[in-house]
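Working notes for the structure below.
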Amino acid sequence: MANIIEITDLNAPELEIYASLNEHQLLHYHEPDQGLFIAESPKVIDRALDAGYVPVSMLLERKHIHTQARELICRCGNIPIYTADFSVLTQLTGFNLTRGVLCAMRRSSLPGPEELCSKARRIAILENIMNPTNVGAIFRSAAALNMDAVLLTPGCSDPLYRRSIRVSMGTVFQIPWTWVKKDNDESFLWPEDGITLLHHLGFKTAAMALSDQSVPIDDSRLTNEEKLAVILGSEGDGLSPATLSRCDYVVRIPMSHGVDSLNVAAASAVAFWQLGRQT
């Protein structure tokens, strides 16, 4: 039976994860155990549940209890379901709820990069991409366009930040991902150790960047590679010189009309579509 709880006190401590905690506080909520994240909208929450994430509580508009959230509530067992009218929830969270449903969920342990890449043939590497919107959009393209996994350097925004999850439409739960740096290994460096690891795992590395030495994205050598890691850099700075010097290929997307480059999220979609194919 659903555990429906009507909100009567906006300052109730059990609501602080929705009302006042920032992403960093959610990440460390159960430290040293895994923290929390917030998923928005029925479709995104469904995908998180399908991926095995454990719900802690839900916050939703009263009118959705018997409509679009009904099946979600059934899937989530006896967790607290906090509810009120839309105006009350907007006052609580400070923003309009996306489709009227939020769900707090426990983070799961992530695999190591070796495990993640053991059966992969095409992977995406995100280097220091700090904008969560770009991270979410790249994940959506990676899931849709033939990438088997995503690895992130320590300078990247967390894919389980709320905005990344929302922009990705929940595909952060559908494509395997992890951090390229091993847990608590302070000696592990990117790109030095990271690209060495990729080569050890059998991947050729393709850096997406404008360079005099770059090859066009439709170069047949790229699609002929058995295992390929596509490396994308931040919106402003692009890939570091240290990364470019260590990669097997530097790859460009040909431009027209005098345009010099694409937004990294748009570039990722082009790169994944082309480089995700194999001959």
Side-chain angles (χ1 to χ4, degrees), residues 21-38 53 106-118 120 122-143 147-165 167-168 171-173 175-201 203 205-209 228-248 263-265 267-268 271-272:
L21 297 190
N22 60 34
E23 300 284 12
H24 182 76
Q25 290 169 320
L26 289 170
L27 175 62
H28 297 282
Y29 191 78
H30 288 299
E31 204 165 55
D33 294 332
Q34 298 292 332
L36 302 176
F37 65 89
I38 304 293
Y53 287 93
R106 290 189 182 274
R107 289 173 176 261
S108 299
S109 298
L110 294 171
E114 298 93 337
E115 178 185 350
L116 191 77
C117 296
S118 62
R122 292 292 187 266
I123 63 174
I125 313 293
L126 279 55
E127 179 182 278
N128 301 336
I129 297 178
M130 295 176 285
N131 186 315
T133 298
N134 283 336
V135 170
I138 292 169
F139 263 81
R140 189 172 183 179
S141 293
M147 293 295 107
D148 298 315
V150 178
L151 273 67
L152 304 99
T153 69
C156 282
S157 177
D158 193 316
L160 294 187
Y161 282 174
R162 184 183 299 182
R163 187 164 183 81
S164 292
I165 296 172
V167 172
S168 81
T171 54
V172 294
F173 308 121
I175 184 168
W177 66 273
T178 195
W179 302 97
V180 70
K181 179 180 178 179
K182 300 177 182 178
D183 290 342
N184 303 317
D185 186 355
E186 297 299 329
S187 65
F188 189 93
L189 299 175
W190 175 269
E192 296 87 346
D193 297 325
I195 292 182
T196 297
L197 174 62
L198 292 172
H199 286 152
H200 175 73
L201 294 172
F203 287 90
T205 48
M208 300 301 301
L228 191 67
V230 182
I231 306 179
L232 298 147
S234 65
E235 184 72 30
D237 298 330
L239 293 171
S240 69
T243 297
L244 294 174
S245 67
R246 288 172 169 81
C247 284
D248 300 292
N263 165 275
V264 66
S268 75
F272 299 158

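- Annotation: the span from L152 atom CG to W190 atom CH2 amounts to 10.5 Å, rounded to 0.5 Å.
- With sequence neighbours excluded, no residue forms a ring-ring contact (aromatic ring centres under 6.0 Å, His included) with Y161.
- Partners of S234 under the side chain to side chain donor-acceptor pair (under 3.5 Å) rule, at least two apart in sequence or in another chain, do not exist in this structure.
- Here the closest non-hydrogen pair linking H30 and Q34 is CB-O, 3.2 Å.
- Counting heavy atoms from C-beta on, the side chains of L197 and E114 come closer than 4.5 Å.
- With sequence neighbours excluded, the residues satisfying side-chain contact (heavy atoms from CB on, under 4.5 Å) with A229 are I123, I125, L198, F203, T205.
- One finds the CG atom of D148 at 8.5 Å from the CZ atom of R122 (value rounded to the nearest 0.5 Å).
- Using a 4.5 Å cut-off on side-chain heavy atoms (C-beta onward), V167 and F139 make no contact.
- Side chain of E127 to main chain of I231: no donor-acceptor pair is present (N/O by atom type, distance under 3.5 Å, no hydrogens or angles).
- A side-chain contact (heavy atoms from CB on, under 4.5 Å) with L126 holds for exactly one of L151, T153, V150, V230; it is V150.
- Side chains of S168 and F173 form no contact here, defined as non-hydrogen atoms less than 4.5 Å apart.
- Looking only at distances, no side-chain donor or acceptor of S108 sits under 3.5 Å from a matching main-chain atom of Y53.
- In plain terms, the two heavy atoms of A207 and L239 that are nearest each other are CB-CD1, 3.5 Å.
- Considering every non-hydrogen atom in both I195 and C247, the closest pair reads CD1-SG, 4.0 Å.
- With sequence neighbours excluded, no residue forms a salt bridge (Lys or Arg N to Asp or Glu O under 4.0 Å) with R140.
- The side chain to side chain donor-acceptor pair (under 3.5 Å) test applied to T171 returns no partner, not counting sequence neighbours.
- For T178 (side chain) and P111 (main-chain N/O), a donor-acceptor pair under 3.5 Å exists by modelled atom type.
- Listed by chain and number, the residues in a side-chain contact (heavy atoms from CB on, under 4.5 Å) with L189 are E192, D193 (sequence neighbours excluded).
- For N22, the CG atom counts as densely surrounded, since its 6.0 Å shell holds more than 12 non-hydrogen atoms of other residues, nucleotides or ligands.
- L27 is linked by a side-chain contact (heavy atoms from CB on, under 4.5 Å) to R107, D158, counting only residues two or more places apart in sequence or in another chain.
- For H24, the ring-ring contact (aromatic ring centres under 6.0 Å, His included) partners are H28, not counting sequence neighbours.
- When all heavy atoms of C117 and L201 are compared, the pair lying nearest together is CB-CD1, 4.0 Å.
- S164 contributes atom OG, which lies 8.0 Å from atom CG of N131 (distance to the nearest 0.5 angstrom).
- The nearest pair of heavy atoms linking F37 to R106 is CE2-O, 3.7 Å.
- Of all heavy-atom pairs between E23 and R163, the closest is OE2-N, 4.4 Å.
- Shown here are the side-chain contact (heavy atoms from CB on, under 4.5 Å) partners of V264, two or more places apart in sequence or in another chain: I129, N134, I138, L232, E235.
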